S.K.: 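The structure that follows is given in the form of structure tokens.
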Amino acid sequence: MKLAGILLGTVALIALTNAKEQKKPNIVFIFTDDQDYQLDSLNYMPNVQKYLVNEGTLYKNHYATIAICCPSRVGLLRGQYAHNTNITDVSPPYGGYNRFNTLKLGDDYLPLWLQKSGYNTNYIGKLMNQYSVNNYNDPTPKGFDYQEQLVDPYTYVYNTAVFSVNGEAPVYYKDAYQTDIVHAKTRAALKRVQAQDDPFFLWVAPMAPHGQFEIGDDGSMKTSSPVPAARHAHLFKDVQIPRTPHFNPETQVKTASYWKELEKLNATLVEEFDETYRNRLRALQSVDEMVGTIFEELEKSGELDNTFVIYSADNGYHLGQHRAFPGKCTNMEEDINVPFIVRGPGVEKGKTSELVSAHHDLAPTFVALADGDQYIPSWVDGGVIPLTKALKNHRKPVSKESFAVEFWSDYQMAENYDNMQVKGPNTYKTLRVISEDYNYMYAVWCTGEHEFYDLKKDPYEMNNLYDQANIQLVNRLDALLIVLKSCRAETCRDPWRVLHPTNKSVKTLQDALDEKYNAHYTQFKTVRYEECMGYYDAANELPQIGQHFTANTTKRHNDVADQYVLKSLRKRSNEESKFILPKEYHDLFKLVPESSKSVGHAVPDENFESHALPIDDKLIQNPVNWAEYNFYGFGN
Ligand SMILES: *[C@@H]1O[C@H](CO)[C@@H](O)[C@H](O)[C@H]1NC(C)=O
Ligand SMILES: *[C@@H]1O[C@H](CO)[C@@H](O)[C@H](O)[C@H]1NC(C)=O
Ligand SMILES: *[C@@H]1O[C@H](CO)[C@@H](O)[C@H](O)[C@H]1NC(C)=O
Ligand SMILES: CC(=O)N[C@H]1CO[C@H](CO)[C@@H](O)[C@@H]1O
């Protein structure tokens with residue numbers, strides 16, 4: 001008895017000592033807005049290269065499963081697909097901060113799970129659309145020990161930095177460059193959290209390289225190129241958008257309704273797009289400097305070796321590929337494949353990984369790093385990305401090689417070009433399957449049109465093989481899409497369990513292609529929409545899991561009713577495309593003054609917070625429905 005007691009005591013003591021020595025790792029998450037992976041933006045970021053790519057692992061196959069800000073961010077915060085959060089747009093009624101709260105999504109999400117895991121949680125920068133001067137404390141976002149968010153309608157104005165700190169009335173920083181304030185706040189946050197005992201989670205979300213928001217003298221709202229800090233405005237004069245085969249092609253090879261009417265871009269537009277591309281790279285320089293500061297601070301405090309630093313973006317971006325005007329929201333690689341770089345204890349250095357992962361995997365992965373698996377609700381769709389050896393055998397791994405990408409919209413959002421927002425429906429389900437042996441993109445549009453690209457042979461999506469592809473392959477892809485477009489929790493991580501309930505060894509497309517399953521795959525209904533809708537109604541998106549069997553058939557389905565496409569094509573008239581902000585609202589907007597001189601010459605010093613000024617109370621007291629005037633019409 002006595003001996004056992006002593007032994008137990010010793011074990012407890014050893015456990016205690018170990019716990020003290022092995023402080024849980026810190027997590028710093030750098031998250032940009034609209035940054036591409038495909039168009040080489042990372043190559044223009046020397047600190048990202050030096051501290052992250054060279055010292056960590058670059059994951060080439062990491063994806064956003066919906067290519068627009070609010071739905072992507074909420075999906076990430078919750079570890080879910082958009083079809084499970086039902087935040088499918090940037091603004092009301094199908095998206096935005098108010099809906100996020102009405103649906104109670106902020107009552108059970110990443111920051112709360114990390115707090116339960118013992119973390120001091122911090123947020124700096126853009127949280128999500130419609131978090132504004134009117135609802136910043138209605139409610140204050142839950143789960144953050146310290147938070148400093150950008151507020152609308154100033155979020156996308158580079159030279160007007162307006163933040164709410166811990167749910168207090170917003171303040172602004174006169175004549176300051178927004179990314180530099182995010183930078184200065186990040187430096188201050190690192191000093192603050194490193195002085196504490198608890199491990200910390202710091203999410204830094206600069207708005208760059210998102211487009212700039214502007215109100216014309218007549219009250220018209222529009223976006224334009226990002227505005228670089230003054231010190232970076234001269235850079236990259238000779239740089240151009242990569243002239244890949246799908247950049248503004250001579251013939252339009254993408255034939256789905258969304259694409260087929262796009263005209264070849266003239267030289268003036270191409271030059272404008274190139275300048276936007278350069279301004280994106282310039283705006284990213286301030287982010288890159290901040291990355292440098294983050295590593296210097298971590299090094300100084302001795303925390304670097306016990307910190308995971310992760311870099312990503314909410315969604316990608318395209319400029320001119322397949323003749324598209326600048327923007328996001330499509331299912332092509334430029335919009336969905338995002339930067340994902342990880343450095344930290346146990347992460348391989350200087351490595352490039354082909355592992356497939358998606359944004360809904362990040363929350364469970366961060367919580368696994370924080371040793372808090374028990375706080376991950378069972379409804380979470382994502383799995384744990386094997387960033388380290390310790391995470392390799394996690395009992396909830398990521399989906400092995402496949403995921404779905406989805407979108408719901410009635411029109412294209414061409415940024416900077418309001419009058420080009422004319423094409424009808426942008427509602428689709430896309431399947432991506434990526435392994436060493438194959439790399440497929442398969443899409444079903446609400447119009448009934450299909451796309452199928454073999455990205456191993458055709459990385460630029462130039463050759464839609466849907467009509468020629470082996471029907472046995474198409475069968476499998478469509479069946480897999482049935483599951484992933486409606487999956488929840490476990491079925492998102494292992495969709496094959498739904499398709500092969502009695503054979504657990506079918507784990508990949510390769511396994512399922514075995515010809516002994518040919519008959520099996522004739523039994524499935526095919527993915528289709530009842531009609532083109534701009535939001536998620538489950539009854540419109542067929543078939544649902546559980547009702548996916550039909551009479552045997554091997555037909556290819558391409559029931560594009562041209563008539564139907566035309567019926568739902570919603571051209572914006574010129575009149576409709578001009579949204580004029582009434583003068584009284586424009587005057588409210590001007591209550592935070594524009595900078596009076598050129599800004600962005602240097603990152604502010606440590607005393608910058610003493611320059612914060614309160615915003616006029618009239619702004620807070622007069623709610624404006626900015627969405628009504630097209631504030632979010634560019635995917636802001
Ligand atoms: C280029 O195309 C745009 C959009 O169609 C048009 O507004 C513009 O006038 C064209 N410019 C030239 C020089 O043709
Ligand atoms: C189960 O699937 C595996 C992998 O495709 C296959 O080798 C095996 O024969 C299947 N078993 C049955 C009973 O169909
Ligand atoms: C998603 O939200 C819309 C609009 O509020 C609603 O009509 C729809 O039924 C919801 N979808 C699901 C699957 O709950
Ligand atoms: C739903 C249905 O009728 N399924 C049948 C399709 O054909 C296979 C054999 O070819 C049968 O086993 C299924 O029952």
Side-chain angles (χ1 to χ4, degrees), residues 66 70-71 74-75 78 80-96 98-105 222 248 252 261-276 319-320 323-327 379 381 400-401 404 406-410 412 414-423 427 429 435 437 472 476 479-480 485-488 494-521 529-531 533-547 571-572 574 577:
I66 181 160
C70 191
V74 173
R78 295 267 298 181
Q80 287 183 300
Y81 274 105
H83 66 251
N84 288 329
T85 63
N86 206 359
I87 296 285
T88 57
D89 199 356
V90 284
S91 61
Y94 309 118
N98 289 350
R99 178 168 164 93
F100 174 74
N101 290 306
T102 309
L103 298 177
K104 299 197 183 315
L105 301 177
K222 60 180 179 103
N248 195 24
Q252 184 64 330
E261 284 172 42
L262 295 178
E263 284 164 16
K264 188 160 187 326
L265 308 164
N266 61 36
T268 318
L269 287 170
V270 169
E271 173 47 31
E272 282 171 25
F273 293 6
D274 276 332
E275 182 60 11
T276 298
L319 306 98
R323 303 181 173 179
F325 276 60
W379 46 256
D381 299 332
K400 195 171 163 57
E401 54 175 31
E406 34 199 5
F407 212 85
W408 297 263
S409 181
D410 290 332
Q412 289 190 2
E415 285 172 26
N416 314 359
Y417 296 90
D418 187 38
N419 57 349
M420 295 309 293
Q421 297 183 45
V422 290
K423 300 276 193 260
T427 296
K429 301 286 180 184
S435 78
D437 303 317
Q472 299 304 343
R476 279 25 169 218
L480 187 55
K485 76 167 180 59
S486 344
C487 70
R488 230 187 145 74
D494 187 4
W496 299 106
R497 292 289 58 71
V498 179
L499 299 172
H500 291 267
T502 57
N503 190 344
K504 288 209 161 75
S505 47
V506 179
K507 292 194 174 85
T508 63
L509 176 63
Q510 188 65 53
D511 297 339
L513 279 169
D514 194 318
E515 63 180 27
K516 70 166 165 264
Y517 300 124
N518 286 357
H520 178 62
Y521 277 96
Y529 293 78
E530 290 280 11
E531 59 177 308
M533 290 180 25
Y535 66 96
Y536 176 41
D537 176 354
N540 187 45
E541 303 179 2
L542 303 169
Q544 289 298 313
I545 296 176
Q547 292 148 15
K571 289 230 190 245
R572 276 196 182 172
N574 259 352
S577 73

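All figures in this text were calculated on a predicted structure; none of them were measured in a lab. Both ligands and their constituent atoms are indexed starting at 1 by order of listing.
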S.K.: Do ligand 3 and Asn86 have nitrogen or oxygen atoms that lie under 3.5 Å from each other?
M.R.: yes
S.K.: Among the heavy atoms of Arg99, does any lie under 4.0 Å from an atom of ligand 3?
M.R.: yes
S.K.: For ligand 1, indicate whether the residue Leu269 contacts it via side chain, backbone, both or neither (heavy-atom separation under 4.0 Å).
M.R.: side chain
S.K.: Could you give the N/O to N/O pairs under 3.5 Å linking ligand 2 and the protein, each with its distance?
M.R.:
| from | atom 1 | to | atom 2 | distance (Å) |
| --- | --- | --- | --- | --- |
| ligand 2 | 2 (O) | Asn503 | OD1 | 3.2 |
| ligand 2 | 2 (O) | Asn503 | ND2 | 2.4 |
| ligand 2 | 2 (O) | Ser505 | OG | 3.1 |
| ligand 2 | 2 (O) | Tyr517 | OH | 3.0 |
| ligand 2 | 9 (O) | Lys516 | NZ | 2.8 |
| ligand 2 | 11 (N) | Asn503 | ND2 | 2.8 |
| ligand 2 | 14 (O) | Asn503 | ND2 | 3.3 |

S.K.: Output the list of atoms in ligand 3 that are nearer than 4.0 Å to some heavy atom of Tyr94, sorted by atom number.
M.R.: 4 (C)
S.K.: Heavy-atom distance under 4.5 Å between the side chains of Cys70 and Val74, does that happen here?
M.R.: yes
S.K.: Main chain of Gly534, side chain of Asp89: is a donor-acceptor contact present, judged purely on distance under 3.5 Å?
M.R.: no
S.K.: Give the atom numbers and elements of ligand 1 that come within less than 4.0 Å of a heavy atom of Thr268.
M.R.: 11 (N), 12 (C), 13 (C)
S.K.: Indicate whether any N or O donor in one side chain lies under 3.5 Å from an N or O acceptor in the other, for Tyr517 and Asn503.
M.R.: yes
S.K.: Please confirm whether the backbone N or O of Gln80 pairs with a side-chain atom of Asn84, one donor and one acceptor, at under 3.5 Å?
M.R.: no
S.K.: Under 3.5 Å between some N or O of ligand 3 and some N or O of Tyr536?
M.R.: yes
S.K.: Within 45 degrees of the axis of the six-membered ring of Tyr536 and under 6.0 Å from its centre: does Lys429 put its NZ or CZ there?
M.R.: yes
S.K.: Between the main-chain N or O of Lys485 and the side-chain N or O of His83, is there a donor-acceptor pair closer than 3.5 Å?
M.R.: yes
S.K.: Within the side chain of Arg78, is there an N or O that forms a donor-acceptor pair under 3.5 Å with the backbone of Asp381?
M.R.: no
S.K.: Considering the heavy atoms of Asn266, write down every atom of ligand 1 situated less than 4.0 Å from one of them.
M.R.: 1 (C), 2 (O), 3 (C), 8 (C), 10 (C), 11 (N), 12 (C), 14 (O)
S.K.: What I want to check is whether the side chains of Arg323 and Asn248 have a donor and an acceptor closer together than 3.5 Å.
M.R.: no
S.K.: Going by heavy atoms in the side chains, are Thr427 and Tyr529 under 4.5 Å from each other?
M.R.: yes
